[in-house]
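To start, the structure itself, in structure tokens.
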2 protein chains.
Amino acid sequence: MATIKDIASAAGVSLATVSRVINNGPKVGDATRARVKTIMQEMGYRPNANARALVTKRSASLGVVIPELLEPFFAALGQGIETVTRQQKVQILLSAGSIEQETERRAIETLLEHRVEAMVVHSKALSDAELIDFACQIPGFVLINRYIPEIANRCVWLDNEAGGFIMAEHMIKQGHSKLAVVSSNYQITDPQMRIDGIRRAANAHGIDIPDSHIEFSTPDQEGGELAMQKLLSRDVEFTGILAYNDAMASGAMTMLQDNNIAVPQDVSVIGFDDVLLAKYCRPKLTTLHYPVEMMAGLATRLALDFAMGKSCKEETHKYTPTLITRQSVAAPR
Amino acid sequence: MATIKDIASAAGVSLATVSRVINNGPKVGDATRARVKTIMQEMGYRPNANARALVTKRSASLGVVIPELLEPFFAALGQGIETVTRQQKVQILLSAGSIEQETERRAIETLLEHRVEAMVVHSKALSDAELIDFACQIPGFVLINRYIPEIANRCVWLDNEAGGFIMAEHMIKQGHSKLAVVSSNYQITDPQMRIDGIRRAANAHGIDIPDSHIEFSTPDQEGGELAMQKLLSRDVEFTGILAYNDAMASGAMTMLQDNNIAVPQDVSVIGFDDVLLAKYCRPKLTTLHYPVEMMAGLATRLALDFAMGKSCKEETHKYTPTLITRQSVAAPR
DNA sequence: TTGTACGCGTTATCAG
DNA sequence: CTGATAACGCGTACAA
């Protein structure tokens with residue numbers, strides 16, 4: 001691959017001149033500039049981003065750490081990031097990889113070795129302390145879907161407790177008082193936060209949700225089916241199901257329908273996330289919209305700004321999910 | 001950020017020694033090695049991947065070009081790639097960006113500037129000639145979902161024509177003879193290939209599928225609804241619908257059901273891709289499984305191998321989709 | 001307007 | 001076993 005040196009000698013000028021042409025530098029004669037440009041074309045020259053990063057100490061790149069790509073939720077997250085980076089001509093370095101301490105840590109470190117300018121990180125396994133440590137080391141370090149008070153302005157997150165509250169409130173407003181929950185058994189704080197919110201709303205209306213009315217399983221459709229099945233077999237009484245996410249909600253609906261329980265006529269179901277699936281499944285899912293894509297976009301701009309030394313005005317980047325009313329929730333009969 | 005030089009002076013040794021420790025070089029005294037290691041720890045040293053790439057001319061990185069992340073199909077593609085890069089400790093540089101010539105070209109060029117060692121590219125807009133050109137320049141250049149005879153061993157692709165054939169064959173075997181098609185209006189070859197396959201199967205059974213029985217729209221759920229609506233409003237007779245993908249199939253089913261046409265009792269529907277959605281929608285979709293994740297994995301290994309100078313034995317990397325029987329296809333009544 | 005020379009952080013080749 | 005030192009490809013003061 002041709003280097004700047006090759007171009008220089010081919011054009012009969014010095015390295016410096018070629019460099020100026022490449023970077024649209026100011027002090028180059030029009031004739032020279034044109035000649036150098038054509039020669040670059042002919043030789044198929046491409047600047048070496050690594051060499052450039054080495055000397056300028058800027059890489060125009062953003063590191064991304066997410067657990068995986070397959071889940072629509074994370075796909076949306078990625079899309080939100082990509083939209084911004086493309087527009088700003090920033091290259092994405094992606095590291096996916098499960099929710100495990102060691103994997104997440106390695107991902108961040110690898111990105112660091114590549115000297116990414118900024119970083120958007122979705123971490124559930126690393127400790128607050130470690131994350132704070134990274135944040136101090138890396139100016140452009142932003143967390144998504146996590147809130148750590150000490151670095152509040154670096155966190156873009158969703159108020160899960162409020163989300164839980166809104167779900168329950170909606171169900172209750174529709175007339176439901178016998179509520180059950182289908183939640184996630186992942187060891188992260190989100191499920192518990194949502195349950196807290198649900199209970200706060202319930203209690204405010206004098207409704208109790210005993211532990212026996214809450215089932216945990218994997219946060220996917222299968223998990224939804226399983227949890228629902230357990231609830232059914234335990235003969236728990238309910239007319240409203242609050243699911244951890246849309247996939248579980250969909251699974252729960254399937255299981256209900258398989259048992260000849262009509263949704264929403266006999267039992268109402270509400271989801272969380274508002275991913276594509278919510279519109280596809282039957283009945284269409286009433287759910288909470290999680291503005292991941294927008295949040296990811298903000299996180300990206302934030303990370304890039306911080307990296308540039310701009311400090312942001314806002315101290316907090318909290319989002320609240322909004323209710324999307326479709327067909328899976330109705331008044332109990 | 002501490003450099004190798006800082007470590008060297010802090011440890012009272014030379015650059016070379018530190019470098020050897022970093023790369024587990026052979027000729028270093030145990031005592032020195034240990035001392036240098038602790039100092040690296042203390043100072044939080046991280047090797048600079050850019051500098052390293054500059055001198056070694058290897059970057060342990062893979063460039064990925066795909067249109068977007070949101071579509072489950074591409075998410076699966078990404079996941080397939082990620083699985084093997086993680087395992088091989090290779091960093092992903094991701095460039096998404098629509099199906100447009102200029103965008104795709106820019107994506108590849110940016111990746112090239114970063115001197116990625118290998119590249120997995122999903123391109124539908126660039127010409128064969130240009131792609132062949134890139135392939136000649138870049139040893140580790142592999143195309144996914146596209147077949148160009150001149151660089152056959154660099155192509156990992158699905159036999160769309162065969163896919164179309166299988167879909168139609170299945171419908172016909174179930175007893176359907178009045179077939180209609182809901183296809184994609186994207187200007188890529190895939191839709192036409194599938195239609196060709198469909199017609200080949202139909203003709204083999206003496207069945208004709210006139211153009212009036214084929215509707216085109218965007219390859220998503222909405223497009224499926226639209227195309228279906230057009231078909232219905234034109235009073236075309238059919239008992240079997242062949243959709244371009246699962247999303248369109250799902251849309252078509254919705255539209256049928258909204259018109260009080262039962263699936264599969266009145267009309268059968270078959271999809272393509274076998275994404276998550278196929279299992280989620282009701283009735284569950286009979287579809288063709290597109291092994292994207294596996295294909296992406298192969299493409300990645302291939303790209304990495306080619307980059308290392310290994311040539312592969314296989315000359316062709318063609319996949320054929322397989323029929324997944326669920327609930328949306330039944331015998332006509 | 002153009003060229004020289006140095007440094008960015010590493011690896012690798014030689015000597016010692 | 002260890003240490004100078006020359007690349008790698010590029011940007012940029014400083015000179016000319």
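Note that the structure is a prediction, hence the values are computed from the model and not measured.
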Using C1' atoms of five pairs at each end, report the bend of the helix from C:dT1-D:dA16 to C:dG16-D:dC1 rounded to 10 degrees.
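It comes to 40° between the two terminal axes.
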Take B:Val18 and B:Lys5 through the test side-chain contact (heavy atoms from CB on, under 4.5 Å) and record every step on the way to the result.
CA-CA 8 Å; B:Val18 180; B:Lys5 210 179 276 181; over 6 Å; no
What residues form a ring pair (Phe, Tyr, Trp, His ring centres under 6.0 Å) with A:Tyr45, not counting sequence neighbours?
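Testing A:Tyr45 for ring pair (Phe, Tyr, Trp, His ring centres under 6.0 Å), a comparison that skips the adjacent residues, returns none.
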Validation row: B:Val64, B:Leu93 side chains within 4.5 angstrom (heavy atoms)
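Side chain of B:Val64 against side chain of B:Leu93, heavy atoms only: no contact under 4.5 Å found.
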Can you confirm whether the side chains of A:Asn145 and A:Tyr290 place a donor and an acceptor under 3.5 Å from each other?
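A donor-acceptor contact under 3.5 Å links the two side chains.
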Run the numbers on B:Phe306 and B:Phe141 for ring pair (Phe, Tyr, Trp, His ring centres under 6.0 Å), then give the verdict.
CA-CA 8 Å; B:Phe306 278 130; B:Phe141 187 89; over 10 Å; no
Which residues pass the side chain to side chain contact (heavy atoms under 4.5 Å, CB included) test with B:Arg46, not counting sequence neighbours?
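B:Arg46 satisfies side chain to side chain contact (heavy atoms under 4.5 Å, CB included) with A:Glu109, A:Leu112, A:Glu113, A:Arg115, A:Phe134, A:Gln137, B:Met1 once adjacent residues are dropped.
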Tell me which residues in residues 14-22 of chain A put a heavy atom below 4.0 Å from DNA chain D, sorted by number, or none.
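When residues 14-22 of chain A is checked for heavy atoms under 4.0 Å from DNA chain D, the hits, listed by number, are A:Ala16, A:Ser19, A:Arg20.
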Checking all strands, does B:Arg58 fall into the base, sugar-phosphate, or nothing category for heavy-atom contacts under 4.0 angstrom?
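Nothing, no nucleic acid heavy atom in range.
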Exam field: side chain A:His317 to backbone A:Asn153, donor-acceptor pair closer than 3.5 Å:
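A pair under 3.5 Å: yes.
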Within the distance-only criterion (no hydrogens, no angle test), does the side chain of B:Glu104 pair as donor or acceptor with the backbone N or O of B:Ala125 below 3.5 angstrom?
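Flag set: sc B:Glu104 to bb B:Ala125 pair under 3.5 Å.
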Leading and trailing nucleotides of DNA chain C with any atom under 4.0 Å from heavy atoms of chain A
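Range of nucleotides within reach of chain A: C:dT1 to C:dG9.
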Hey, where on DNA chain D does chain B first and last touch, going 5' to 3'? Cut-off is any atom under 4.0 Å from a heavy atom.
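Range of nucleotides touched by chain B: D:dC1 to D:dG9.
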Could you check A:Asp30 against A:Val55 and say which one's nearest nucleotide on DNA chain C is further toward the 5' end?
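In this pair, the answer is A:Asp30.
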